[in-house]
Protein chains: 2
Amino acid sequence: MTSDLSAQIAKAIRDAIIEGRLIVDERLPSEAELADQFDVSRPTVREALKRLAAQSLIRTQRGAFGGAFVNRLSYPDAYAQQITTSTLLLSMNEVSFDVACEARFAMERACAPFAAQRRQADHLAAMRAEITRQGAEGLTDEAFCASDVAFHRALVDAAGNPVLSYQLAGAVEAMQPLMNMITFTARNRARIIGLHTDIADGLEARNAATVDQALAELAAYTETLGHDVLAARASKEA
Amino acid sequence: MTSDLSAQIAKAIRDAIIEGRLIVDERLPSEAELADQFDVSRPTVREALKRLAAQSLIRTQRGAFGGAFVNRLSYPDAYAQQITTSTLLLSMNEVSFDVACEARFAMERACAPFAAQRRQADHLAAMRAEITRQGAEGLTDEAFCASDVAFHRALVDAAGNPVLSYQLAGAVEAMQPLMNMITFTARNRARIIGLHTDIADGLEARNAATVDQALAELAAYTETLGHDVLAARASKEA
DNA sequence: GACTTTTAATTGTCTGACAATTTAAATGCA
DNA sequence: TGCATTTAAATTGTCAGACAATTAAAAGTC
């Protein structure tokens, strides 16, 4: 019911920002003034401000004419928070591999038509580069996964919708720990690289149907790989 | 480079949680002990802990055998953060109505096949109830929007994938302020209600194609309405 | 006019204290 | 003994005051 003072103050300021009563780059009163206004001590005000800083809602500057300023939430900041939240959610809530996989590929397939329409040369180049990397000899599983993430990110960015990019960043990156559990044999990799090539080709030809088809197969194949890992684990324990 | 001590300490503890060195419900050392360990004062430790609390990474309890505990990130907590972040991102970054709309409906269409397959009676009931509400006389624009959000939420939940629900919660709710700018005439509403009915009918019949078609039309129609509002505004200013 | 120094404002950090809260242990009582 | 009550201890929440570090503007100097 009656939460901490610092939480209450943080909420009051947060609401002011969300409702537009405090606008971007506006300076908040100094800590001493806020302490007066809210009738609390400066440490309490500081705790409230740190809460807001943790959500990237404000930034602080020292020195004369410094202070706390309403922060423009940048895409990178939003990405970072989205990734942290998604990663924790997946690691702490027994989200099954299937559910995470399904969500991720469903959203990626949602991007496909836009990507086919809007892809630029640099997106294709990035994807081709990752495909080449994925075929390299002696690549560790982790490096393969990292390249996989980069490939899919290029695909999503090709859709040219920053909101989709931001949403998917969380899903794709958050899945990496789960993907890292998978051991990729040479044959696995060849199949995945083949599908990646289909996707790149489809985008180059601006053929959304091809891309969608390849993504559907990739989704199914990834789920199969995940199941194999879980099955192998289960039999090892028995 | 050398950020605040409280930020460094928060990062150290956050990393420990993300990497699993601190597990759910584990108790952190007391503030005094942490202050000793990190060789800083207690207020500095407290600022760090408040940062983590703002991200729902820990919770604190007063009293003997109280302290800070690693928090299991619940879906509601994750929803809330997702919504705050998305709302701010949209309101602060001149994300165009088109881009937000496109992202939202793209993701909703990604849910459609799963929803058609897995929808339960209660999802359908919730959607029908919202449709009825939307047809009520004298409904304000805001109430109409709120009902619209509830309708689409039921649709997303029908897909039965909590990760998709969580991702879309942000997109749908964050768009509400933009949607609230639109004035819905009786004719607008009738058209939207018609499409909503198509969606509900399609789900009931487990016909994904129908649902997809209706969502596509709804996306196009919503964009049109958005454009009209912007055009009206522009002409008023001139 | 360009450069340097001073000054004032502000955040960052520390120390020490006390209040509020909560659990475990101690105590008292039947 | 068994149960209720009180006490004690640990811990977070809050406060007050102080000083250090940083920064930009203002004042001074050549």
Side-chain angles (χ1 to χ4, degrees), chain A residues 1-17 22-73 77, chain B residues 1-17 22-73 77:
Chain A
M1 192 89 72
T2 60
S3 52
D4 303 4
L5 290 177
S6 73
Q8 290 174 34
I9 293 168
K11 178 170 177 0
I13 299 176
R14 179 162 41 236
D15 287 348
I17 294 174
L22 290 169
I23 61 173
V24 167
D25 290 335
E26 185 171 340
R27 182 180 177 278
L28 298 174
S30 73
E31 294 175 354
E33 287 173 308
L34 286 172
D36 267 1
Q37 284 181 26
F38 287 103
D39 201 30
V40 296
S41 66
R42 195 158 82 93
T44 301
V45 166
R46 282 182 63 78
E47 287 178 9
L49 293 179
K50 294 315 162 199
R51 293 178 120 110
L52 299 175
Q55 296 181 302
S56 305
L57 291 181
I58 60 168
R59 62 178 185 280
T60 53
Q61 258 181 343
R62 304 231 294 212
F65 294 73
F69 297 84
V70 177
N71 202 20
R72 157 162 276 121
L73 189 60
D77 284 344
Chain B
M1 190 89 72
T2 60
S3 51
D4 303 5
L5 290 177
S6 72
Q8 291 174 34
I9 293 167
K11 178 170 175 9
I13 298 176
R14 179 163 40 238
D15 287 348
I17 294 174
L22 291 170
I23 61 172
V24 167
D25 290 334
E26 185 170 341
R27 181 180 177 280
L28 297 173
S30 72
E31 294 174 355
E33 288 172 309
L34 286 171
D36 267 0
Q37 284 180 28
F38 287 104
D39 201 30
V40 295
S41 66
R42 193 158 83 92
T44 302
V45 166
R46 282 182 63 78
E47 287 178 9
L49 293 179
K50 294 314 162 200
R51 294 178 117 109
L52 298 174
Q55 296 181 302
S56 305
L57 290 181
I58 61 169
R59 62 179 184 279
T60 53
Q61 259 182 342
R62 304 232 293 213
F65 293 72
F69 298 84
V70 177
N71 202 21
R72 157 163 276 121
L73 187 61
D77 284 344

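All heavy atoms count here, side chains included; hydrogens, waters and symmetry mates do not. Residue numbers start from 1 in every chain, and the chains themselves are labelled A, B, ... in the order their sequence lines are given, proteins ahead of strands.
- Between the CG atom of A:Leu52 and the P atom of C:dT11 there is a distance of 14 Å, rounded to whole Å.
- Contact between the side-chain N/O atoms of A:Arg42 and the OP1/OP2 oxygens of C:dT13 is not found at any separation under 4.0 Å.
- The interatomic distance linking B:Leu5 (CG) with C:dC14 (C1') rounds to 11 Å, in whole Å.
- As a whole-Å value, the separation of B:Asp4 CG from D:dA20 C1' is 14 Å.
- A side-chain donor-acceptor contact under 3.5 Å links B:Arg59 to the backbone of B:Val70.
- For D:dG13, one of the phosphate oxygens OP1 or OP2 lies less than 4.0 angstrom from a side-chain nitrogen or oxygen of B:Thr60.
- Across every non-hydrogen atom of B:Ser56 and B:Leu73, the tightest pair is CB-CD1, 3.9 Å.
- Looking at which nucleotide of DNA chain D each of A:Gly63 and B:Gly63 is closest to, the 5′-most match is held by B:Gly63.
- Rounding to whole angstrom units, CG of residue B:Asp36 and P of C:dT15 are separated by 10 Å.
- Contact check, A:Arg46 against C:dT11: no side-chain N or O comes under 4.0 Å of OP1 or OP2.
- Taking 4.0 angstrom as the limit, B:Ser6 places none of its side-chain polar atoms (N or O) nearer than this to OP1 or OP2 of C:dG12.
- A:Glu31 has its CD atom 16 Å from the P atom of D:dT14, to the nearest Å.
- Side-chain nitrogen and oxygen atoms of B:Arg27 include at least one within less than 4.0 Å of the OP1 or OP2 phosphate oxygen of D:dT11.
- The distance from atom CZ of B:Phe38 to atom P of C:dC14 is 13 Å, rounded to the nearest whole Å.
- Among the nucleotides C:dG12, C:dT23, C:dA8, the one closest to the side chain of B:Phe65 is C:dT23.
- Looking at B:Val40 and B:Ile9, their side chains come closer than 4.5 Å, going by heavy atoms from C-beta outward.
- Distance CD (B:Glu47) to C1' (C:dC14): 11 Å, rounded to an integer number of Å.
- Of the inter-residue distances, the one linking B:Ile17 atom CD1 with B:Gln55 atom CD reads 9.5 Å to the nearest 0.5 angstrom.
- Atom-to-atom, CD1 of A:Ile58 to P of C:dT11 comes out at 10 Å; the value is rounded to the nearest Å.
- Closest to the side chain of A:Lys50, out of C:dT13, C:dG12, D:dA24, is C:dG12.
- DNA chain D is contacted by both A:Gln61 and B:Ala32; B:Ala32 maps to the nucleotide lying nearer its 5′ end (nearest heavy atom per residue).
- Side-chain atoms of B:Arg27 come within 3.5 Å of backbone atoms of B:Gly66 as a donor-acceptor pair (strictly under, hydrogens ignored).
- Toward the 5′ end of DNA chain C lies the nearest nucleotide of A:Ala68, the other residue of the pair A:Ala68 and B:Arg62 mapping further downstream.
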